J.: 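Questions regarding the structure given below will be posed in turn.
All ligand and atom numbering here is 1-based and tracks the order in the structure. Keep in mind that what you see is a predicted model, and the values were worked out from it rather than measured.
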Amino acid sequence: MKVLVVGSGGREHAIVWKLSQSRLVDKIYCTPGNAGISGMAECIDVDSADFSALVDFVRYEWVDLTIVGPEDPLSRGIVDAFEKEGRRILGPSKAAAQLESSKVFSKEFMKRHRIPTAEYKVFSSYIHAEDHVRMKGAPIVIKADGLAAGKGVIVASTVDEAIDALRLIMKDKAFGDAGSRAIVEECLKGEEASFMVFTDGKTIVPMVSSQDHKRVFDEDKGPNTGGMGAYSPAPVITRELESVVMETIMRPTIDGLKSEGIKYKGILYAGLMIDNGKPSVLEFNCRLGDPETQPILARLDTDLMDISMAIADEKLSDIEIQWKKDASVCVVLASGGYPGKYEKGKIISGLDNAGKMDDVVVFHAGTAFNNNEIVTNGGRVLGVTALGGDIKAAKEKAYEAINKIHFDGMHYRKDIADRALNRK
Ligand code: AMP
Ligand code: GLY
């Protein structure tokens, strides 16, 4: 079978890597891909925003299935465009993807279906939002309604900070139309975890749990990033808690959408806050997380193409999904300056030496070729991922591999997975 993967990050490299092990797949295309992906797939130059060009490509090349990595094409209706032309694609429709693309939709949906989430109010007038913030006090959370590349959420520890955030979103329109409406939300406390499921709209199968590290520096200091590392499993998600999340969040979400005439197919990701064993939803994403996908797919023992086809054909109940007992840790190596300004084009050395290690995979994110050399081409550059008998062993292996890799300005967190290791 032939498969097309849409995207260019570490998540997409992990998807392509897993598909390359499939007994069903004999050809993988990726658009636009990156240097690492190009070793396993044919990277093609079709604009992923041009859905009719993509449909033409899959029709012409007889591609059996398209898998979409990032939220942007999903929120703009890539799945609807493919399905209208009778093409098999993995991901939710534009209507279903609103769970991620509109935080107002998502919060109102959760309220209607009594899915646990923080108290909130929606504002389209700046002045009313400011009054509300002054009345509530800090800490408080401000969110732009629409997609803002992960920058539209500000957890404010003072009223001034919250008002600055409102001004940035609603007055300065820093995120354009995404800021026409803003949410002012209660600040939850607890421990965060990422919980993802495969679903065909009927059957829902949880993946193994994981935990992301959003802040750029050790001990969760510094600004938020796309994610500096992740590990799996996350001990905060116990077996009991997994059942609670399935029963109080995942099942009511898929069924609630269905009751509103929206079928959800693909991957559903809930960012959770867990306080005293009680989960609340911080956000929904309509796709795999990045970097959580890297350690999670490293643990997947079932053929990803089998799973993907079963979801697309709505036969997920027919297959059983198996995971390795091993733990896994992914550490992101970032460009100097990230998540602020950074330079590109730095030569990366040591990739072969690190990649040769047993149970280590170096997933590429922002990388490109320059005269046969692999160079940096983005903020998050690599996701060094290792498996081990437990989290401690996986962590040690990941950092051992990192010691072999170098590029100018490279920085990374030294404490990925410590939260799991330091648990009492
Ligand atoms: P989101 O994009 O909604 O997941 O928000 C990004 C990050 O902001 C989350 O991973 C949390 O760390 C934080 N956050 C979002 N909402 C809340 C909340 N209600 N209380 C505390 N932290 C939050
Ligand atoms: N790692 C968080 C996300 O993918 O949104």
J.: Salt bridge check, Lys107 against Asp145: does any charged N sit closer than 4.0 Å to a carboxylate O?
T.: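 No, this pair does not count.
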
J.: Hey, is Gly227 one of the residues with a heavy atom under 4.0 angstrom from ligand 2?
T.: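 Under 4.0 Å: no for Gly227.
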
J.: Taking a cutoff of less than 4.0 Å between a non-hydrogen atom of the residue and any ligand atom, is Arg11 in contact with ligand 2?
T.: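 Contact check Arg11 vs ligand 2: negative.
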
J.: Is the shortest distance from a heavy atom of Lys189 to ligand 1 less than 4.0 Å?
T.: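 It does not, in that no heavy atom of Lys189 comes within the 4.0 Å cut-off of ligand 1.
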
J.: Is a donor on one side and an acceptor on the other found under 3.5 Å between the side chain of Asp200 and the backbone of Leu316?
T.: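 Pair found, side chain donor or acceptor close to backbone of Leu316.
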
J.: Any chance the rings of Phe284 and Phe109 have centres within less than 6.0 Å?
T.: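 Judged by ring-centre distance (under 6.0 Å), Phe284 and Phe109 do not meet the cut-off.
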
J.: Going by distance only, is there an N or O of Asn224 that falls short of 3.5 Å from an N or O of ligand 1?
T.: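 No.
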
J.: Report the nearest protein non-hydrogen atom to atom 5 (O) of ligand 2: residue, atom name, distance rounded to 0.1 Å.
T.: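 Result for atom 5 (O) of ligand 2: Arg287 NH2, 2.9 Å.
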
J.: N/O of Asn285 under 3.5 Å from N/O of ligand 2, yes or no?
T.: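 Min N/O separation from ligand 2 is below 3.5 Å for Asn285.
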
J.: Using 4.0 Å as the upper bound for N to carboxylate O, is an ion pair formed by Asp212 and Lys214?
T.: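 Salt bridge present between Lys214 and Asp212.
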
J.: Is there side-chain contact between Val375 and Ile348, with heavy atoms separated by less than 4.5 Å?
T.: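 In short, these two side chains do not touch, never coming nearer than 4.5 Å.
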
J.: Is Gly226 close enough to touch ligand 2? Criterion: a residue heavy atom under 4.0 Å from a ligand atom.
T.: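 Flag set, Gly226 near ligand 2.
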
J.: For atom 23 (C) of ligand 1, which candidate among Thr117, Leu282, Val281, Val153 provides the closest heavy atom?
T.: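 It is Leu282 whose heavy atom sits nearest to atom 23 (C) of ligand 1.
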
J.: How far is atom 20 (N) of ligand 1 from the closest protein heavy atom, and which atom is that?
T.: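 Here the nearest protein heavy atom works out to Leu188 N, 2.8 Å.
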
J.: Which one holds for Val155 and ligand 1: side chain close, backbone close, both close, or neither close, with close meaning a heavy atom under 4.0 Å?
T.: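 Side chain only; the backbone of Val155 stays clear of ligand 1.
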
J.: For Cys187, state whether at least one heavy atom is located under 4.0 Å from any atom of ligand 1.
T.: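 Contact present.
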
J.: Give the atom numbers and elements of ligand 1 that come within less than 4.0 Å of a heavy atom of Lys214.
T.: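 Going through ligand 1 atom by atom, the ones under 4.0 Å from Lys214 are 10 (O).
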
